[in-house]
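The block underneath contains the structure these notes are about, expressed in structure tokens.
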Protein chains: 2
Amino acid sequence: MNLERLNSTKCFDGLQQQFAHQSEVLDCKMRFSIFLPQAAEVEKGHRFPAVYWLSGLTCTDENFSVKAGAQRAAAELGIALVIPDTSPRGGQVPDDPDFALGQGAGFYLNATQAPWSAHYRMYDYIVHELPALIERNFPVSGRRGIAGHSMGGHGALVIGLRNPQSYTSISVFSPISNPMACPWGEKAFNAYLGADRSSWKDYDAADLLRRAPGKLPVLVSQGESDPYLEEQLKPHALEAAAEASGYPLTMEYHAGYDHSYFFVSSFIEQHLRFHADYLLRNR
Amino acid sequence: MNLERLNSTKCFDGLQQQFAHQSEVLDCKMRFSIFLPQAAEVEKGHRFPAVYWLSGLTCTDENFSVKAGAQRAAAELGIALVIPDTSPRGGQVPDDPDFALGQGAGFYLNATQAPWSAHYRMYDYIVHELPALIERNFPVSGRRGIAGHSMGGHGALVIGLRNPQSYTSISVFSPISNPMACPWGEKAFNAYLGADRSSWKDYDAADLLRRAPGKLPVLVSQGESDPYLEEQLKPHALEAAAEASGYPLTMEYHAGYDHSYFFVSSFIEQHLRFHADYLLRNR
């Protein structure tokens with residue numbers, strides 16, 4: 001088994017664990033965290049449905065694990081949480097001094113441009129390699145919701161909208177909704193995907209929402225006091241796209257909330273209950 | 001007003017804030033965090049009862065604020081959380097390379113020995129200066145519970161047991177219960193209080209419990225897989241002292257839990273409900 005356990009801590013009667021493994025897709029050693037509800041269920045051969053959580057710029061698997069307080073509701077609902085890192089890592093992996101490019105900023109895409117293309121394949125990692133690894137090694141079923149925050153909200157929307165057969169539901173906090181048209185996204189996409197903007201569209205949630213093949217339920221939570229709202233996140237582009245295509249997007253603005261994990265922690269229970277409605281239906 | 005606001009973030013419909021102020025008692029600049037339940041109540045002139053949370057070795061006010069997930073239950077119960085730092089701070093404040101002495105390790109006592117005695121007066125800061133500051137500047141009443149973790153569990157027990165008129169209730173996670181008889185405590189007390197052990201007794205929870213003047217309700221939560229249990233924490237000394245004096249201690253052991261904030265987060269709601277039973281009684 002290609003898994004090294006780094007930490008295992010009891011939490012809300014379940015286990016919060018951290019593992020390292022050699023990723024074939026990313027060609028580097030990766031870490032992820034996982035929360036498994038209580039062991040009693042596992043012993044009966046039960047397999048938990050899972051919410052995959054994609055984190056934002058500068059984050060690792062630890063930010064959500066430590067700050068979101070998600071384990072309480074996940075334990076109660078009987079949902080596993082799978083929390084990957086945000087990019088390939090290590091000395092051999094190209095990086096950039098800008099926090100919005102390179103390590104910590106993989107943007108959940110498959111890079112096509114040197115020097116990034118050798119390792120920066122987070123799209124394939126999240127869509128294929130990681131769930132296969134999880135479902136092979138843990139009592140976790142193939143029933144998956146996908147969620148995320150900021151750059152991870154972008155990732156969850158893009159991956160969920162492009163792979164509706166693989167997920168039951170999408171929920172995001174403060175997503176980078178239209179990366180083709182914001183400074184963080186334009187810089188990253190130029191580096192990872194090159195100057196031809198036609199290649200960017202499959203990684204742009206607002207663009208995808210205009211032509212999404214499925215109709216996965218999507219919940220978006222956005223703080224109105226988020227300092228990145230207008231320049232980087234552009235939730236209005238997502239709303240306009242949903243309106244144009246008739247996509248049933250649930251968009252919730254919250255007065256006074258900012259971009260931090262204090263916002264995420266305030267509404268994570270609502271998000272997990274939203275996923276549970278679909279994950280636990282007709283099992 | 002001697003208060004500088006560093007951060008203010010909406011969280012569970014309330015405000016999670018961080019302030020700096022010049023402490024007279026500690027003769028240095030200090031930070032603390034505070035969570036205030038929803039603003040609507042404040043506008044009506046309501047004053048919230050408060051739980052004061054004392055953190056453990058190496059912590060600041062941020063560990064509990066970020067990791068414990070306490071704001072959800074505090075918001076629901078209408079309780080403020082006041083979260084001080086763990087020692088005096090700054091370049092002029094003596095320090096030690098050992099994580100269990102000096103900055104981050106104030107042990108909630110009034111030091112009598114040079115060079116510590118000039119600044120290390122966390123007992124007076126927590127008992128007198130901080131609540132006066134809080135109640136002068138925030139919509140917080142004088143109805144107080146006191147709680148903490150590890151070194152902060154020691155602090156909460158010592159301060160609560162010695163000042164029963166100032167608190168309604170004490171709750172602690174994994175406290176250093178008998179610091180006179182454990183390596184962390186002996187090293188710190190030797191440095192801060194000197195070699196005469198008779199001066200240590202007023203800062204030893206197990207000793208105090210044998211002769212506590214009041215009968216404040218006390219809840220202790222201890223993980224059975226805590227690596228510090230036998231050598232440093234010594235909960236059995238606390239139980240023996242309570243039994244000897246007939247003190248009604250509620251001691252709860254939890255199988256499989258360790259010393260981390262994942263343990264605290266799993267039971268913080270129970271602790272806040274325990275305090276609420278007393279804080280909200282006969283207001």
Side-chain angles (χ1 to χ4, degrees), chain A residues 6-18 33-40 42 59 62-76 81 83 173-174 221-227 253-273, chain B residues 6-18 33-40 42 59 62-76 81 83 173-174 221-227 253-273:
Chain A
L6 304 175
N7 283 297
S8 179
T9 306
K10 194 167 178 180
C11 182
F12 284 101
D13 223 20
L15 288 176
Q16 178 70 37
Q17 301 185 312
Q18 188 183 43
S33 289
I34 185 168
F35 174 73
L36 294 166
Q38 63 176 326
V42 176
C59 288
E62 294 187 4
N63 302 67
F64 180 79
S65 301
V66 165
K67 294 181 172 184
Q71 293 91 349
R72 189 186 58 85
E76 182 194 324
L81 303 171
I83 311 150
F173 291 84
S174 331
S221 294
Q222 175 64 55
E224 290 182 357
S225 295
D226 188 324
Y253 287 94
H254 295 281
Y257 285 92
D258 67 12
H259 198 68
S260 71
Y261 267 95
F262 288 121
F263 172 48
V264 173
S265 72
S266 300
F267 295 95
I268 191 65
E269 179 175 354
Q270 181 206 357
H271 279 235
L272 292 180
R273 290 190 185 281
Chain B
L6 304 175
N7 282 297
S8 179
T9 306
K10 194 168 177 180
C11 182
F12 285 100
D13 223 19
L15 289 175
Q16 178 71 37
Q17 301 185 312
Q18 188 183 44
S33 289
I34 185 168
F35 174 73
L36 294 166
Q38 62 176 327
V42 176
C59 289
E62 294 187 3
N63 301 66
F64 180 79
S65 302
V66 165
K67 294 181 171 184
Q71 293 91 350
R72 188 185 58 83
E76 182 194 324
L81 303 171
I83 311 150
F173 290 85
S174 330
S221 294
Q222 175 63 54
E224 290 182 357
S225 295
D226 187 323
Y253 287 94
H254 295 281
Y257 285 92
D258 68 13
H259 197 68
S260 71
Y261 266 95
F262 289 121
F263 172 48
V264 173
S265 72
S266 300
F267 295 95
I268 190 66
E269 178 175 354
Q270 180 205 356
H271 278 236
L272 292 180
R273 289 189 186 282

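Chain letters run A, B, ... following the sequence lines, proteins first and then strands; every chain starts at 1.
- Checked by atom type and distance alone, the side chain of A:Lys10 never pairs as donor or acceptor with a backbone atom of B:Ser225 at under 3.5 Å.
- At least one donor-acceptor pair closer than 3.5 Å links the side chain of B:Tyr257 to the backbone N or O of A:Asp13.
- If you measure heavy-atom distances from A:Ser260 to chain B, the contacts under 4.5 Å come from the side chain alone.
- Taking SG of A:Cys11 as the reference point, atom CZ of B:Phe267 lies at 9.5 Å (rounded to 0.5 Å).
- The shortest side-chain heavy-atom distance between B:Thr9 and A:Phe263 does not fall under the 4.5 Å cut-off.
- Between chain A and the residues B:Ala68, B:Ser265, B:Gly223, the largest count of heavy-atom pairs under 4.5 Å involves B:Ser265.
- Across all non-hydrogen atoms, the minimal contact from B:Phe12 to A:Ser266 is N-OG, 2.7 Å.
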